[in-house]
Amino acid sequence: MRARGRSDTVLFVVYDGVRLLDVTGPLEVLTVANEHGGSYRTLLASPDGRDVVSSAGARLGVDLALPDVPGPVGTLVVPGAPDWQAAAGDQALLDHIRRLAAGSDRTASVCAGAFPLAATGLLDGRRVTTHWDLADQLAAQFPKLTVDPDPIFIADGRIITSAGITAGIDLTLALVEADLGPETARAVARHLVVFMQRPGGSPSSASAPTPRAPATTCCAGCWTRWPRTRPGRTTWPAWRRWPG
């Protein structure tokens, strides 16, 4: 059951050069969650309301301009970009993120989205993660952060940061579990043919693929085979203690 009082709206902050999978991975998780009883309303907002061109060259249709977002949202998602320096240095973009995060139930960054989110000051004093190859740069540029490059995602209060690119799928599955329960989250993971929870102890920087169970049983059994808590990663019950 969805947490009472939390808005169903999930707003993605998009801009030219945004990493395509940082947006479409979480979007697909939420879309499939709606096919399993969810009621998420997803919106893409850009600084001027125009469509944006992603890092892959694909155009993303935008629903509205960031200044026109009507009131608080349930979840604000800040995806990353290969040119994260430009996003982190765009003061108008940062102002919009800061304003919207202040009224959101929770704020999430995917991959290098941690850089513009950190540039707003909202990550100061928090433990965060990002793409393993960018962790040292994030720590150097924002020394008030505690940067851990290994977890797939980290929840610190109502702010959640994820590791690189596909880790946004893991993060969003955790949001679905918090909102709709583990059965729905398992059904979504099974439909997408992804892990509900990756094998315990696997750092986000692992270069060798982790052996998988047979495809016919992988997603159906992973919840019971793998521990619900892994070192360096938030425990699943903690998500249910969020406000809302």
Side-chain angles (χ1 to χ4, degrees), residues 11-26 46-47 52-56 66 75-102 104 106-172 174-175 198 200-208 210 230-235 238:
L11 181 75
F12 290 79
V13 177
V14 296
Y15 45 91
D16 282 328
V18 69
R19 177 75 72 180
L20 183 62
L21 194 54
D22 285 10
V23 180
T24 56
S46 67
V52 301
V53 178
S54 71
S55 60
L66 286 168
T75 305
L76 179 69
V77 181
V78 183
D83 186 8
W84 55 263
Q85 296 94 332
D90 186 334
Q91 289 303 316
L93 179 66
L94 300 183
D95 288 343
H96 288 306
I97 293 172
R98 190 181 295 109
R99 173 181 61 85
L100 292 169
S104 68
R106 57 196 179 194
T107 298
S109 67
V110 180
C111 192
F115 283 89
L117 191 56
T120 66
L122 294 171
L123 298 185
D124 288 358
R126 297 184 184 272
R127 179 170 169 262
V128 302
T129 193
T130 187
H131 193 293
W132 63 268
D133 198 34
L134 299 175
D136 287 346
Q137 296 176 70
L138 183 65
Q141 187 158 346
F142 301 101
K144 293 182 180 180
L145 280 55
T146 299
V147 181
D148 186 342
D150 287 335
I152 300 299
F153 64 86
I154 294 174
D156 188 328
R158 63 185 185 88
I159 293 183
I160 319 100
T161 54
S162 88
I165 311 176
T166 61
I169 294 174
D170 300 72
L171 182 153
T172 312
L175 300 183
R198 301 195 196 200
S202 296
S204 67
S205 59
S207 58
T210 301
R230 45 175 291 196
R233 179 174 179 174
T234 185
T235 57

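Scope of the values below: all heavy atoms of this structure, side chains included, with no hydrogens, waters or symmetry mates. Heads up: numbering here begins at 1 and tracks the sequence.
Contact record, Asp156 with Arg126: O-NH1, 2.7 Å, taken as the closest heavy-atom pair. Between Cys111 and Gly164, the shortest heavy-atom distance links the atoms SG-CA, 3.6 Å. In plain terms, the two heavy atoms of Pro26 and Thr172 that are nearest each other are CB-OG1, 3.2 Å. The minimum heavy-atom distance linking Pro47 with Leu93 is given by the pair CG-CD1, 4.2 Å. When every heavy atom of Ala87 is checked against every heavy atom of Leu94, the shortest pair comes out as O-CD2, 3.8 Å. Taking both residues in full, the closest heavy atoms of Ala112 and Ala81 are given as CB-O, 3.8 Å, listed atom of the first, atom of the second, then distance.
The CG atom of Asp136 sits 11.0 Å away from atom OG1 of Thr130, with the distance rounded to the nearest 0.5 Å. Rounding to the nearest 0.5 Å places OG1 of Thr161 at 8.5 Å from CZ of Arg127. Taking CD1 from Ile152 and CD1 from Ile169, the interatomic distance works out to 11.5 Å, rounded to the nearest 0.5 Å. Asp90 contributes atom CG, which lies 9.5 Å from atom OH of Tyr15 (distance to the nearest 0.5 angstrom).
Asp22 contributes a side-chain N or O that, together with a main-chain N or O of Gly80, makes up a donor-acceptor pair within less than 3.5 Å. Thr129 places a side-chain N or O within donor-acceptor distance of the main-chain N or O of Asp148, the cut-off being under 3.5 Å.
Considering only residues two or more places apart in sequence or on other chains, Ser55 meets the side-chain contact (heavy atoms from CB on, under 4.5 Å) condition with Arg19, Pro82. By the side-chain hydrogen bond (donor to acceptor under 3.5 Å, both in side chains) test, Thr107 is found to be paired with Ser104, residues two or more places apart in sequence or in another chain being considered. Shown here are the side-chain hydrogen bond (donor to acceptor under 3.5 Å, both in side chains) partners of Ser54, two or more places apart in sequence or in another chain: there are none. Partners of Gln137 according to the side-chain contact (heavy atoms from CB on, under 4.5 Å) rule, which considers only residues two or more places apart in sequence or in another chain, are Trp84, Phe115, Leu134. Residues satisfying the side-chain hydrogen bond (donor to acceptor under 3.5 Å, both in side chains) test with Asp133, not counting sequence neighbours, are none. The side-chain contact (heavy atoms from CB on, under 4.5 Å) search around Asp95 returns Arg98, not counting sequence neighbours.
Val53 places a side-chain heavy atom less than 4.5 Å from the side chain of Asp16. Asp124 has its side chain within reach of Leu145: a pair of non-hydrogen atoms, C-beta onward, lies under 4.5 Å apart. By the 4.5 Å heavy-atom criterion applied to side chains, Ile97 and Leu117 are counted as neighbours. Contact annotation: the side chain of Val77 never approaches that of Leu171 to less than 4.5 Å [non-hydrogen atoms, C-beta and beyond].
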